[in-house]
Amino acid sequence: MADSTTGAGGPDSTVRIGLVLPDVMGTYGDNGNAVVLRQRLRRRGIAAQIVTITLDEPVPDSLDLYTIGGAEDYAQRLATRHLLRHPGLQRAVARGAPVLAICAAVQVLGQWYETAAGERVDGVGLLDLTTSPQPARSIGEVLAQPRLPGLTETLTGFENHRGGTVLGPQATALAAVLRGDGNRAGQGAEGVEGAVQGSVVATYLHGPCLARNPQLADLLLSRVVGELAPLKLPEVALLRQERLSAR
């Protein structure tokens with residue numbers, strides 16, 4: 001676990017979850033992913049806390065895992081500038097800390113992305129991918145078959161993006177699209193959703209993503225605390241079943 005002396009306190013065994021830049025990258029409720037991670041640990045008797053990192057401070061490199069959410073173009077620019085100026089997240093990834101990146105964060109962590117105005121912006125470079133605006137915005141439910149080892153359950157979520165993302169050779173797709181557009185807005189035939197590279201898992205799925213995909217939440221947590229005992233939450237399983245049946 002992370003050394004508690006660098007954060008808000010608590011025992012050394014506390015898992016510390018970095019909520020990265022929610023003041024600019026939390027437009028679509030993606031802050032809930034950090035809450036899901038914390039609560040799934042606490043339900044197993046494992047101490048956990050959320051460490052919020054805003055534009056007023058650098059991202060610490062000592063936390064156990066990190067989440068970063070979606071936003072609009074201007075907020076993306078602010079986040080990109082901050083992460084390049086204060087490369088704590090990059091150092092954390094270099095040592096293997098898990099990171100969950102949602103929607104605009106997929107683009108921010110890539111090699112470059114193009115804004116709606118046609119300006120190309122250098123990204124943070126943690127993911128080998130690039131993003132350009134597409135003619136049509138992708139809005140709606142997504143179903144995808146995971147390709148990431150350790151995941152067997154269909155991924156679900158809500159996409160709302162105009163960016164079309166192309167993966168480079170160092171990144172692999174998180175999942176194959178069953179319904180929705182995934183990485184290519186208006187081009188569902190492209191067939192893939194999200195990206196995985198090193199310890200970074202990136203996806204366009206909102207919902208929040210981890211509330212709708214608890215298996216993914218536990219996979220990220222297991223990279224920090226090791227094998228986890230099953231967590232039986234019938235209401236969560238029922239909600240997933242209802243969503244999948246409706247699709």
Side-chain angles (χ1 to χ4, degrees), residues 2 4-10 14-41 48-93 97-110 112-117 119 121-127 131 137 139 157-163 165 194-195 199-212 217 220 224:
S4 64
T5 59
T6 61
T14 298
V15 176
R16 297 195 305 139
I17 302 158
L19 178 55
V20 180
L21 305 180
D23 46 344
V24 290
M25 298 290 283
T27 303
Y28 303 109
D30 300 314
N31 297 351
N33 289 312
V35 176
V36 171
L37 291 169
R38 182 188 66 189
Q39 294 308 109
R40 292 187 71 83
L41 286 172
Q49 67 180 105
I50 296 172
V51 178
T52 301
I53 306 119
T54 69
L55 282 175
D56 294 328
E57 56 202 317
V59 178
D61 60 13
S62 58
L63 304 182
D64 294 297
L65 69 164
Y66 300 78
T67 70
I68 179 169
E72 298 81 10
D73 279 0
Y74 180 66
Q76 269 185 266
R77 293 289 301 275
L78 292 175
T80 305
R81 188 180 307 131
H82 187 80
L83 293 175
L84 288 172
R85 186 179 299 156
H86 306 287
L89 186 65
Q90 294 90 307
R91 291 194 296 268
V93 169
V99 174
L100 176 69
I102 305 293
C103 199
V106 177
Q107 303 169 19
V108 168
L109 298 188
W112 55 260
Y113 58 90
E114 190 176 324
T115 69
E119 180 182 2
V121 180
D122 289 337
V124 174
L126 291 176
L127 294 169
T131 304
R137 173 173 287 273
I139 302 177
F158 188 87
E159 63 182 346
N160 182 2
H161 61 98
R162 193 182 170 195
T165 294
S199 62
V200 180
V201 175
T203 176
Y204 278 106
L205 300 181
H206 298 289
C209 177
L210 297 185
R212 298 182 62 162
L220 294 170
V224 177

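Atoms considered below: every heavy atom in the structure, side chains included; atoms not considered: hydrogens, waters and symmetry mates. Predicted, not measured: the structure shown is a model, and the values here were computed from it.
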Kindly state each residue pair satisfying ring-ring contact (aromatic ring centres under 6.0 Å, His included) with at least one member in residues 63-84, sequence neighbours excluded.
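Residue pairs with at least one partner in residues 63-84: His82-His86.
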
Pairs involving residues 21-41, ordered by first then second residue, that meet ring-ring contact (aromatic ring centres under 6.0 Å, His included) (sequence neighbours left out):
Tyr28-His206

Rounded to the nearest 0.5 Å, what separates atom [atom1] in [X] from atom [atom2] in [Y]?
X: Leu19; Y: Thr67; atom1: CG; atom2: OG1; answer: 4.5 Å
X: Ile102; Y: Leu205; atom1: CD1; atom2: CG; answer: 7.0 Å
X: Gln107; Y: His161; atom1: CD; atom2: NE2; answer: 8.5 Å
X: Thr131; Y: Arg162; atom1: OG1; atom2: CZ; answer: 13.5 Å

So, using side-chain hydrogen bond (donor to acceptor under 3.5 Å, both in side chains) as the criterion, who are the partners of [X] when residues are at least two apart?
X: Asp122; result: none
X: Ser199; result: none
X: Gln39; result: none
X: Thr80; result: Tyr113

Heavy-atom closest contact ([X] atom, [Y] atom, distance):
X: Val124; Y: Gln90; answer: CG1-NE2, 3.4 Å
X: Arg137; Y: Asn160; answer: NH1-OD1, 2.9 Å
X: Pro60; Y: Ile53; answer: CD-CG1, 3.7 Å
X: Thr52; Y: Glu57; answer: O-OE2, 3.5 Å
X: Thr27; Y: Ala71; answer: OG1-CA, 3.5 Å
X: Ala75; Y: Met25; answer: O-SD, 4.1 Å

Partners meeting side chain to side chain contact (heavy atoms under 4.5 Å, CB included) with Ala101 (sequence neighbours left out):
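Ala101 satisfies side chain to side chain contact (heavy atoms under 4.5 Å, CB included) with Ile68, Ala105, Leu109, Ala202 once adjacent residues are dropped.
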
Partners meeting side chain to side chain contact (heavy atoms under 4.5 Å, CB included) with Asp23 (sequence neighbours left out):
Leu21, Thr54, Leu55

So do the side chains of Val20 and Leu83 get within less than 4.5 Å of each other, counting heavy atoms only?
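Val20 reaches Leu83 side chain to side chain.
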
Report the residues that fulfil salt bridge (Lys or Arg N to Asp or Glu O under 4.0 Å) with Asp61, sequence neighbours left out, ordered by chain and then residue number.
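Asp61 satisfies salt bridge (Lys or Arg N to Asp or Glu O under 4.0 Å) with Arg91 once adjacent residues are dropped.
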
Distance-only criterion, 3.5 Å: show the donor-acceptor pairs between side-chain atoms of residues 31-38 and protein atoms not counting sequence neighbours.
from, atom 1, to, atom 2, distance (Å)
Asn33, OD1, Cys209, N, 3.2
Asn33, OD1, Leu210, N, 2.8
Asn33, ND2, Asp30, O, 3.1

Please lay out, stage by stage, how Thr115 and Val121 fare under the test side-chain contact (heavy atoms from CB on, under 4.5 Å).
CA-CA 8 Å; Thr115 69; Val121 180; 4.0 Å; yes

